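All remarks here apply to the structure that follows.
Just so it is clear, the model here is predicted, and its values are computed rather than measured. Sequence lines set the chain letters: A, B, ... in the order given, protein chains first and strands last, and positions in each chain run from 1.
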Protein chains: 2
Amino acid sequence: MTASDPAEIAPPAPRTRVDDIYEVVKEMAVAYRLKPGERLNEMTLARDLGASRTPLREALNRLVAERLLDFVAGRGFFCRGLDAREVFELYEVRRMLEVEAVRLACRRASDSAIDALASNSDFYHWKVFGQPIQELVGHDEAFHIQIAKLTENGELVRQLRRINERIRFIRWLDMDRRVEGTRSEHRAIVDALVARDEDLAAEKMRHHIERRQDQIESVVREGFSTIYMNDLEGP
Amino acid sequence: MTASDPAEIAPPAPRTRVDDIYEVVKEMAVAYRLKPGERLNEMTLARDLGASRTPLREALNRLVAERLLDFVAGRGFFCRGLDAREVFELYEVRRMLEVEAVRLACRRASDSAIDALASNSDFYHWKVFGQPIQELVGHDEAFHIQIAKLTENGELVRQLRRINERIRFIRWLDMDRRVEGTRSEHRAIVDALVARDEDLAAEKMRHHIERRQDQIESVVREGFSTIYMNDLEGP
DNA sequence: ATATACACTTCTGTATACAGAAATGAATAC
DNA sequence: GTATTCATTTCTGTATACAGAAGTGTATAT
């Protein structure tokens with residue numbers, strides 16, 4: 001958005017090794033390619049990433065602050081756990097933010113912004129079958145973020161993005177059973193937004209998120225088996 | 001809470017130099033003892049803290065992830081800015097979370113927990129005059145966190161704590177004009193909680209937070225002058 | 001007087017080194 | 001067979017070293 005503004009062409013922001021490491025390890029943590037609670041060996045990981053421990057540890061510290069990794073002084077860095085309670089709490093925070101976000105969106109968004117959401121929205125394009133789950137979840141996240149952006153509150157958007165990273169694995173697991181439901185629920189939210197019916201939009205959003213919240217316990221259980229099945233594709 | 005549980009006496013969690021540095025620099029950033037946008041000299045700062053650059057940079061990376069510092073690759077670390085828009089957005093997110101939090105508290109909190117909040121609440125003890133502003137803000141934050149804890153949602157509490165760190169400086173500035181208002185508004189919230197009147201509690205909380213939101217612009221302006229006056233007490 | 005080029009200084013980004021803590025495992029005691 | 005001790009190995013926590021980028025200031029040209 002601001003990046004393409006010709007008035008502020010700052011030097012193209014040199015990428016450091018820390019940034020690269022950060023992204024790679026983040027992906028590993030988000031996708032639980034590291035097992036829950038697994039200890040990270042800094043020397044091995046640094047070697048595998050072709051770097052030294054110094055930038056690695058800086059990246060790991062960022063990830064600890066984002067709660068994608070755990071850290072114990074004297075013992076090192078660990079993959080975050082997979083805990084139904086934590087996921088449940090994150091869904092609850094997410095609901096609080098998104099229900100209010102869609103309210104604000106009803107009040108603040110321009111007609112054209114809402115039109116863009118309505119006509120561009122993924123639920124028109126989703127091929128429900130034969131589409132990689134990752135793509136579907138990507139569309140899902142994008143839809144919710146787009147609504148958050150209508151509030152013009154950058155902090156809100158950032159917080160939701162962070163929550164999304166932490167529950168993405170869970171979304172991967174339950175998306176395939178819920179594609180159709182998701183699509184129709186998204187549509188209901190957009191309809192309410194177009195009508196600027198704040199209460200209805202809020203209610204639809206609450207419903208949309210709470211439905212998933214109910215299933216967390218079982219999805220997390222499925223998560224463990226998925227994680228430990230993936231040994232098969234290990235290195 | 002869990003720390004004193006005899007069943008889980010883990011080794012007393014050795015403190016590292018990173019932890020110490022983290023806390024010291026965090027305090028500097030929170031209190032704007034670093035000027036907004038000021039560049040941090042790693043060598044100087046490390047020397048002043050009696051450490052080397054390695055743990056310093058790890059701590060700084062954590063603080064960047066928490067948005068208490070900025071980072072530009074190739075240029076280094078900077079104190080966060082002081083920006084009315086950002087503060088405004090944080091107050092908005094805070095309102096979203098706390099209004100819903102007090103609703104959940106009405107539903108979930110035990111009678112005894114609410115009693116404890118009501119009888120122990122700071123507004124009974126606040127000495128309005130002649131009390132350091134820092135203490136008053138500490139009571140204020142503690143009050144709000146206590147309510148959040150009634151939800152039993154640890155993530156919610158954590159997110160609010162992080163927001164509090166980022167707006168603490170602003171609270172310091174406007175607290176002295178608002179001590180009495182704060183006290184009575186807190187009381188109204190507690191009364192609604194005791195009555196388990198969810199809608200009323202939510203409305204009181206919303207009002208409580210939005211009142212401050214309206215003043216942010218002017219408080220931020222005051223903030224700049226405060227920051228640049230403090231040169232007088234420099235080292 | 002302002003702008004440009006260039007040498008010089010300072011600082012960041014990363015690798016490496018090393019001390020001490022933690023984990024591992026063998027050997028011994030019970 | 002289980003528990004305990006101690007030697008050995010491995011790994012973390014931090015300091016230091018160094019290359020190259022960024023910043024600074026001076027001298028020269030216009």
Side-chain angles (χ1 to χ4, degrees), chain A residues 8-26 28-29 34-81 235, chain B residues 8-26 28-29 34-81 235:
Chain A
E8 29 175 306
I9 15 171
R15 261 190 106 59
T16 68
R17 213 150 301 199
V18 178
D19 296 318
D20 296 335
I21 295 171
Y22 168 81
E23 283 189 8
V24 173
V25 180
K26 179 188 217 164
M28 291 194 280
L34 306 164
K35 315 260 177 283
E38 177 183 351
R39 182 178 182 166
L40 278 68
N41 185 315
E42 294 174 18
M43 294 195 301
T44 308
L45 191 51
R47 187 173 41 69
D48 291 350
L49 295 170
S52 75
R53 286 175 57 220
T54 308
L56 171 63
R57 284 179 57 106
E58 291 188 13
L60 296 182
N61 270 284
R62 289 193 203 172
L63 292 167
V64 168
E66 294 175 13
R67 302 210 128 232
L68 289 169
L69 295 178
D70 290 337
F71 175 75
V72 182
R75 303 215 32 239
F77 298 88
F78 300 80
C79 182
R80 65 190 169 140
Chain B
E8 29 176 306
I9 16 172
R15 259 188 108 60
T16 67
R17 213 151 301 200
V18 178
D19 296 318
D20 296 335
I21 295 171
Y22 168 80
E23 282 188 9
V24 173
V25 180
K26 180 187 214 163
M28 290 195 278
L34 306 164
K35 314 262 177 283
E38 176 182 353
R39 182 177 183 169
L40 278 69
N41 185 315
E42 294 173 19
M43 294 195 300
T44 310
L45 191 51
R47 185 173 40 69
D48 291 350
L49 296 169
S52 76
R53 286 175 56 221
T54 308
L56 171 62
R57 284 181 56 106
E58 291 188 12
L60 297 182
N61 270 284
R62 288 192 203 173
L63 292 167
V64 169
E66 294 175 14
R67 303 210 128 234
L68 289 168
L69 296 179
D70 291 336
F71 174 74
V72 181
R75 305 213 34 238
F77 298 87
F78 300 80
C79 181
R80 66 190 168 139

Practice task
Calculate the interatomic distance between A:Phe78 atom CZ and C:dA22 atom P; express it in whole Å.
Solution key: 12 Å

Practice task
Check A:Ala51 against A:Ile21 and note the closest heavy-atom contact, atom names and distance.
Solution key: CB-CD1, 3.8 Å

Problem - Side-chain donor/acceptor of B:Arg17 to backbone N/O of B:Ser52, under 3.5 Å - result: no

Completion exercise
Checking C:dT16, D:dT14, D:dA17 against the side chain of B:Ser52 (C-beta onward), the nearest is D:dT14

Practice task
Mind calculating the distance between CD (A:Glu58) and P (D:dG13) to the nearest angstrom?
Solution key: 14 Å

Fill in the blank from the handout: Per nearest nucleotide of DNA chain C, the residue lying toward the 5' end, A:Gly74 or B:Gly76, is B:Gly76

Practice task
Check if the side chain of B:Thr16 and the base of D:dT12 share a donor-acceptor pair of N or O atoms closer than 3.5 Å.
Solution key: no

Exercise for the section: Grab the CZ-P distance between B:Arg53 and C:dT16 for me, whole Å please. Expected result: 16 Å

Handout entry: Residue that, paired with B:Arg62, satisfies side chain to side chain contact (heavy atoms under 4.5 Å, CB included) out of A:Val64, A:Asn61, A:Leu63
Key = A:Asn61

Handout entry: 4.5 Å side-chain heavy-atom contact, A:Phe77 and A:Arg57
Key = yes

Problem - Residue B:Arg75, side-chain heavy atoms: nucleotide from D:dG13, C:dG13, D:dA22 that is nearest - result: D:dA22

Problem - Closest non-hydrogen atom pair between A:Pro55 and A:Val18, with its separation - result: CB-CG2, 3.7 Å

Practice task
Identify, between A:Ala73 and B:Arg57, the residue whose nearest nucleotide on DNA chain C lies closer to the 5' end.
Solution key: B:Arg57

Practice task
Please list residues of residues 37-49 of chain A whose heavy atoms come under 4.0 Å from any atom in DNA chain D, ordered by number; otherwise none.
Solution key: A:Arg39, A:Leu40, A:Asn41, A:Glu42, A:Met43

Handout entry: Rounded interatomic separation in angstrom, taking CG from B:Leu56 and P from C:dC11
Key = 14 Å

Handout entry: Length of the CZ-C1' vector between B:Arg17 and D:dT12, whole Å
Key = 14 Å

Practice task
Would you mind reporting whether B:Leu49 and B:Leu45 have side-chain heavy atoms less than 4.5 Å apart?
Solution key: yes

Exercise for the section: Give the intermediate values and the outcome of salt bridge (charged side-chain N to carboxylate O under 4.0 Å, His left out) for residues A:Asp19 and A:Lys26. Expected result: CA-CA 10 Å; A:Asp19 296 318; A:Lys26 179 188 217 164; over 6 Å; no

Exercise for the section: Select one nucleotide: of D:dG13, D:dT14, D:dC18, the one nearest the side-chain heavy atoms of A:Phe71. Expected result: D:dG13

